[in-house]
**Q** 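Submitted below is the structure of interest, expressed as structure tokens.
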Amino acid sequence: MTSPPETLLERVALGDADAVALCLERYAPLVHAMARRWLGAVSDADDVVQDVFVQVWNSAGKYDPARASERGWIAMITRRKLIDRSRRGRSGPVTDNLEENAGFEVGVSDHGLRSVELRDEAGRVHEAMEDLDAELRGLLCAAVVEGETHTQISARTGLPLGTVKSRLRRGLLRLRESLGVAQAKSGEARA
Amino acid sequence: MTRRERDQRRERLRELQADEVLGMLDASDVEELRALERALPDEDALELELAAAELAAAAVEPSQEVPSELLAKLRADAQAFVGGAASPRPGPASAGPALEPRRVTALAWAGWLVAAACLVVIATLARPTGPRTEREEFIEFVATAKDVVRLPWTATEDENIPAGGVRGEVVWSPSEQRGYMRFEGMPVNDPGARQYQLWIFDGGREGEAPVDGGVFDIGAAGEMLVPIDAKLLVNQAAAFAVTLEKPGGVVVSKQEHVLLLAQA
């Protein structure tokens with residue numbers, strides 16, 4: 001006997017019309033805002049939002065709630081689409097491997113990032129960002145939120161390209177570490 | 001392979017994974033990354049990518065209303081999926097009810113959103129310290145101030161408001177007594193002729209004139225970020241207003257040209 005689907009995306013994967021509508025209602029404003037922030041141009045942003053949700057519908061069956069929150073998973077798909085869109089027309093690093101791993105089919109973590117309130121998630125990121133110094137926060141926001149390339153950041157800040165890259169790398173690694181700690185604390189608090 | 005060598009490879013793999021997630025992986029490093037991933041299959045990049053995605057999500061304020069044209073397209077795609085056209089696997093609801101048109105509204109987005117800061121800007125900023133510094137300061141401000149209040153501007157019918165309108169918001173921290181104004185579409189002013197001035201209506205000073213929030217200029221079109229320069233302690237910021245005044249500003253505004261309002 002199979003258990004009924006528990007998460008919204010599991011229901012989406014089964015073609016549950018109400019779940020699909022709820023998913024749009026819950027996440028379209030977020031995806032739209034991320035796309036507008038990154039791309040600016042309305043038409044480009046709209047195209048990306050459409051692409052994101054087509055992928056959400058088609059990949060929902062691969063979503064693993066043990067590895068990511070729904071919000072994080074959808075935000076990750078959004079970022080990938082934005083990066084791909086930004087790279088069109090110019091050569092650059094590829095994301096094929098990341099795309100292949102969209103369904104979390106590799107490895108299984110026991111971090112238990114179950115559904116949590118969206119507000120809690122933003123607060124968790126806030127806490128994690130507080131662990132970084134101001135410069136790292138600024139660099140990460142520029143690269144991750146605004147979609148600036150490391151070359152653009154270097155030109156804007158006057159920092160050598162290699163320095164920008166190494167600091168961005170360090171910032172992201174530390175953010176992941178801090179999020180892991182915050183997540184563990186959150187899990188302990190709920191236990 | 002010694003343990004030390006393995007640790008070194010793991011560290012290198014993480015660096016390359018971070019580069020990939022950040023979109024700065026050099027083409028020459030791709031092969032090395034793939035080889036390391038094959039050698040260390042337990043070290044996937046998912047957590048790094050999720051960290052970046054969660055930051056990106058936390059740093060924006062979800063759109064209050066998704067454009068209706070886009071929403072129609074999303075519903076059509078969703079309908080096709082529910083109808084089985086795009087379904088990755090047939091499900092019980094493939095013959096289920098049609099998607100009812102719903103107005104997509106922001107849910108409980110009101111919570112604190114990290115560097116909502118990043119909300120802002122890449123634009124030329126109005127202070128002599130230069131746009132880079134201002135932008136970085138703004139990001140730092142929103143990332144650290146825990147009681148940030150965000151109020152959208154409402155344009156008045158003043159003759160100086162352009163046809164396309166003016167959008168933006170006030171971002172204010174009561175505890176830090178500082179904040180920023182963000183503008184989109186605010187007309188460029190000639191500082192020698194007229195300057196903008198911010199006024200803060202303090203709920204704790206009823207009956208008194210609003211607090212002078214500083215004189216400022218808009219030097220370029222596009223999105224602009226201007227720090228608030230409150231001259232007095234603001235007990236309870238109830239509203240903000242932008243007026244157009246003579247160069248240097250005024251002590252008490254005649255309110256001849258009130259362009260923007262933002263109410264708590």
**Q** Looking at B:Glu54 and A:Arg71, is there a salt bridge between them, counting it only when a charged N and a carboxylate O are closer than 4.0 Å?
**A**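 No.
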**Q** Could you walk me through whether B:Leu70 and A:His32 pass the side chain to side chain contact (heavy atoms under 4.5 Å, CB included) check?
**A** CA-CA 10 Å; B:Leu70 170 61; A:His32 183 253; 3.6 Å; yes
**Q** Hey, does A:Met76 have a side-chain heavy atom less than 4.5 Å from the side chain of B:Leu46?
**A** yes
**Q** Go through the steps for A:Arg169 and B:Leu16 under the test side chain to side chain contact (heavy atoms under 4.5 Å, CB included), then give the verdict.
**A** CA-CA 9 Å; A:Arg169 184 189 292 153; B:Leu16 293 174; 5.9 Å; no
**Q** Within a strict 4.5 Å, meaning less than it, do heavy atoms of the B:Arg14 and A:Arg176 side chains meet?
**A** yes
**Q** Report yes if some heavy atom in the side chain of A:Phe53 is under 4.5 Å from a heavy atom in the side chain of B:Asp77; otherwise report no.
**A** no
**Q** Counting neighbours of CD on B:Glu31 that are heavy atoms of other residues, nucleotides or ligands and sit closer than 6.0 Å, is the number greater than 12?
**A** no
**Q** Quick one: which of A:Val12, A:Ile74, A:Leu82 has the most heavy-atom pairs under 4.5 Å with chain B, could you say?
**A** A:Val12
**Q** Could you check whether atom CD of B:Gln177 has more than 12 heavy atoms from other residues, nucleotides or ligands sitting under 6.0 Å from it?
**A**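 Above 12, so yes.
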**Q** As a quick check of understanding, evaluate side chain to side chain contact (heavy atoms under 4.5 Å, CB included) for A:Met129 and B:Leu55, giving each step before the final call.
**A** CA-CA 9 Å; A:Met129 286 290 277; B:Leu55 171 59; 3.8 Å; yes
**Q** Run A:Asp46 and B:Glu69 through side chain to side chain contact (heavy atoms under 4.5 Å, CB included) and show every step you take.
**A** CA-CA 9 Å; A:Asp46 287 3; B:Glu69 191 177 330; 5.9 Å; no
**Q** Please look at A:Leu139 and chain B and tell me whether the side chain, the backbone, both or neither of the residue comes under 4.5 angstrom of a heavy atom of that chain.
**A**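 The answer is neither part of A:Leu139.
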**Q** Between A:Lys165 and B:Asp26 (salt bridge meaning N to carboxylate O under 4.0 Å), is one present in this structure?
**A**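 The answer is yes: the pair qualifies as a salt bridge.
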